[in-house]
Colleague: 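Before anything else, here's the structure in question.
Note that ligands are numbered from 1 as they come in the structure, with each ligand's atoms numbered from 1 the same way.
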Amino acid sequence: MRVDVLTLFPEAFEGGPLDVSIIKRAREDGLLDLQVHNIRDHATDRHRSVDDTPFGGGQGMVMRVDVLDRALQHVQGQDGSPGLVVYLSPQGEVLDDSLVRELATNERLILVCGRYEGVDQRFVDHCVDREVSIGDYIVTGGELPAMVLIDAVARHIPGALGDEVSPEEESFADGLLEHPQYTRPAEYNGWAVPEILLSGHHAKIEKWKQEQRLERTRERRPDLLGDSP
Ligand code: 4HQ
């Protein structure tokens with residue numbers, strides 16, 4: 001899978017979470033081809049402007065449609081497939097497991113990261129296929145949301161999880177939270193691990209884990225079970 005990122009801060013993608021662990025290996029193994037591009041390279045005036053004041057007034061600056069469109073056309077021309085163009089914004093549909101899986105079916109994604117007050121609406125209307133939010137809160141730019149999306153999507157590329165993590169056990173598909181986890185020592189500071197986990201009764205342990213998952217989901221995220229909180 002190829003993922004292109006359009007950003008004013010390409011350095012935000014260097015030496016971060018996409019350069020370690022599972023995602024680092026997926027890139028090294030050629031399963032994920034991440035290409036980061038600087039939107040400013042497509043500015044045309046002598047000040048290399050990428051933003052301007054909003055029509056109709058209001059605070060802050062808006063990213064220019066002409067610069068964004070030139071950047072996008074340039075990047076789309078680098079590959080046979082135009083890719084699915086995704087703009088990260090709080091106005092988008094909220095990212096969840098089903099949207100992550102859907103995005104992961106694309107051979108190419110182009111992620112557009114906004115800064116300031118966002119991008120000119122004409123870019124969204126004419127150039128963007130999907131507007132996606134990582135949740136109902138504001139971050140400073142689309143770069144962190146893009147990294148979250150790339151990480152979550154890359155985990156669904158066949159072979160990306162290698163053999164230390166099973167795609168089956170990591171699944172969110174049955175819509176339940178995970179059971180609690182414990183490791184040695186079996187007792188610390190008088191804090192004991194649930195006895196059942198030390199019993200060796202495999203079937204009973206599996207039943208206990210499933211009960212824990214259901215109980216936790218009912219308690220913490222009843223919305224996942226279709227119940228009101
Ligand atoms: N922003 N999910 C405003 C977000 C965001 C989010 C990114 C802030 C875009 C212009 N993006 N910029 N939440 O808060 O995706």
Side-chain angles (χ1 to χ4, degrees), residues 1-19 23 32 34-43 47-76 83-106 108-156 172 220-221 223-224 229:
M1 178 181 205
R2 171 168 173 163
V3 179
D4 293 272
V5 177
L6 297 183
T7 172
L8 289 172
F9 297 97
E11 65 273 24
F13 292 84
E14 301 274 324
L18 305 180
D19 283 321
I23 309 303
L32 172 66
L34 180 65
Q35 302 284 340
V36 181
H37 312 271
N38 194 339
I39 294 167
R40 198 175 296 278
D41 293 345
H42 301 275
H47 298 289
R48 300 222 293 159
S49 319
V50 294
D51 58 352
D52 206 338
T53 54
F55 279 129
Q59 60 159 1
M61 302 289 271
V62 176
M63 290 174 69
R64 290 169 53 141
V65 61
D66 56 339
V67 178
L68 286 167
D69 187 42
R70 284 171 51 84
L72 179 59
Q73 303 243 13
H74 173 84
V75 166
Q76 283 185 316
L84 187 81
V85 180
V86 176
Y87 173 53
L88 284 310
S89 118
Q91 277 72 49
E93 52 185 316
V94 177
L95 189 65
D96 63 4
D97 185 60
S98 100
L99 182 50
V100 167
R101 288 169 186 273
E102 190 183 335
L103 293 173
T105 65
N106 291 277
R108 188 182 190 197
L109 293 178
I110 301 184
L111 308 183
V112 181
C113 303
R115 283 267 158 172
Y116 321 117
E117 302 312 307
V119 305
D120 188 303
Q121 185 61 37
R122 291 169 293 178
F123 179 74
V124 180
D125 294 344
H126 297 282
C127 307
V128 169
D129 297 310
R130 302 287 289 259
E131 194 168 352
V132 174
S133 167
I134 61 159
D136 294 338
Y137 46 85
I138 301 300
V139 295
T140 306
E143 288 77 12
L144 284 169
M147 286 186 237
V148 168
L149 188 155
I150 292 164
D151 183 297
V153 165
R155 298 171 60 81
H156 290 273
F172 206 94
R220 302 177 184 197
R221 295 293 307 279
D223 57 303
L224 294 179

Colleague: Which ligand 1 atoms, with their elements, are less than 4.0 angstrom from a heavy-atom of I138?
Modeller: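 Numbered from 1, ligand 1 contributes 14 (O).
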Colleague: For atom 12 (N) of ligand 1, find the nearest protein heavy atom and state the residue, atom name and distance (0.1 Å precision).
Modeller: G114 O, 4.0 Å
Colleague: Name the atoms and distances for all side-chain donor-acceptor pairs under 3.5 Å in residues 5-18, with sequence neighbours left out.
Modeller:
| unit_1 | atom_1 | unit_2 | atom_2 | d |
| --- | --- | --- | --- | --- |
| T7 | OG1 | F9 | N | 2.8 |
| T7 | OG1 | E143 | OE2 | 2.6 |

Colleague: With heavy atoms under 4.0 Å as the rule, classify the contact between S89 and ligand 1 as side chain, backbone, both or neither.
Modeller: backbone
Colleague: Under 4.0 Å from a heavy atom of G118: give me the atoms of ligand 1 that qualify, with their elements.
Modeller: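 Ligand 1 atoms under the 4.0 Å threshold to G118: 10 (C).
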Colleague: Run down the list T140, L88, I134 and name the one with the heavy atom closest to atom 2 (N) of ligand 1.
Modeller: I134
Colleague: Just to confirm my output: which protein heavy-atom neighbour is closest to atom 5 (C) of ligand 1, and how far is it?
Modeller: P90 CD, 3.7 Å
Colleague: Give the residue, atom name and distance (to 0.1 Å) of the protein heavy atom nearest atom 14 (O) of ligand 1.
Modeller: V139 N, 3.1 Å
Colleague: Mark up the atoms of ligand 1 that fall under 4.0 Å of a heavy atom belonging to Y137, in ascending order.
Modeller: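 Checking each atom against Y137, I get 13 (N), 14 (O).
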Colleague: Are the side chain of N106 and the backbone of L103 linked by a donor-acceptor contact shorter than 3.5 Å?
Modeller: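 Yes; judged by distance alone, with no hydrogens or angles, the pair exists.
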Colleague: In this structure, are over 12 heavy atoms from other groups packed under 6.0 Å from D125 atom CG?
Modeller: yes
Colleague: Just distances here: any N/O of Y116 and N/O of ligand 1 closer than 3.5 Å?
Modeller: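 There is no such contact.
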Colleague: Check whether any side-chain heavy atom of M61 lies under 4.5 Å from a side-chain heavy atom of T53, and answer yes or no.
Modeller: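 When only atoms from C-beta onward are counted, T53 and M61 do touch, with a gap below 4.5 Å.
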Colleague: Can you check whether G141 has an N/O within less than 3.5 Å of an N/O in ligand 1?
Modeller: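 The answer is no, given that G141 and ligand 1 share no N or O pair closer than 3.5 Å.
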Colleague: Looking at V85, is its backbone amide N or carbonyl O close enough to the side chain of D129 to form a donor-acceptor pair, meaning the two atoms are under 3.5 Å apart?
Modeller: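 Yes; judged by distance alone, with no hydrogens or angles, the pair exists.
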Colleague: Taking the side chain from R40 and the backbone from R48, do they hold a donor-acceptor pair closer than 3.5 Å?
Modeller: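 Yes, because the side chain of R40 sits within donor-acceptor range (under 3.5 Å) of the backbone of R48.
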Colleague: So, regarding G142 and ligand 1 (criterion: nitrogen or oxygen to nitrogen or oxygen, under 3.5 Å), is there a contact or not?
Modeller: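 In this structure, G142 places no N or O atom under 3.5 Å from an N or O of ligand 1.
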Colleague: Write out all pairs satisfying ring pair (Phe, Tyr, Trp, His ring centres under 6.0 Å) with one or both partners inside residues 47-75, taking only residues at least two apart or from two chains.
Modeller: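 Listed once each, the pairs are H42-H74.
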Colleague: Looking at G135, which atoms of ligand 1 are within less than 4.0 Å of one of its heavy atoms?
Modeller: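 So the answer, numbered in order with elements, is 13 (N).
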Colleague: In this structure, are over 12 heavy atoms from other groups packed under 6.0 Å from E93 atom CD?
Modeller: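 Correct, the count exceeds 12.
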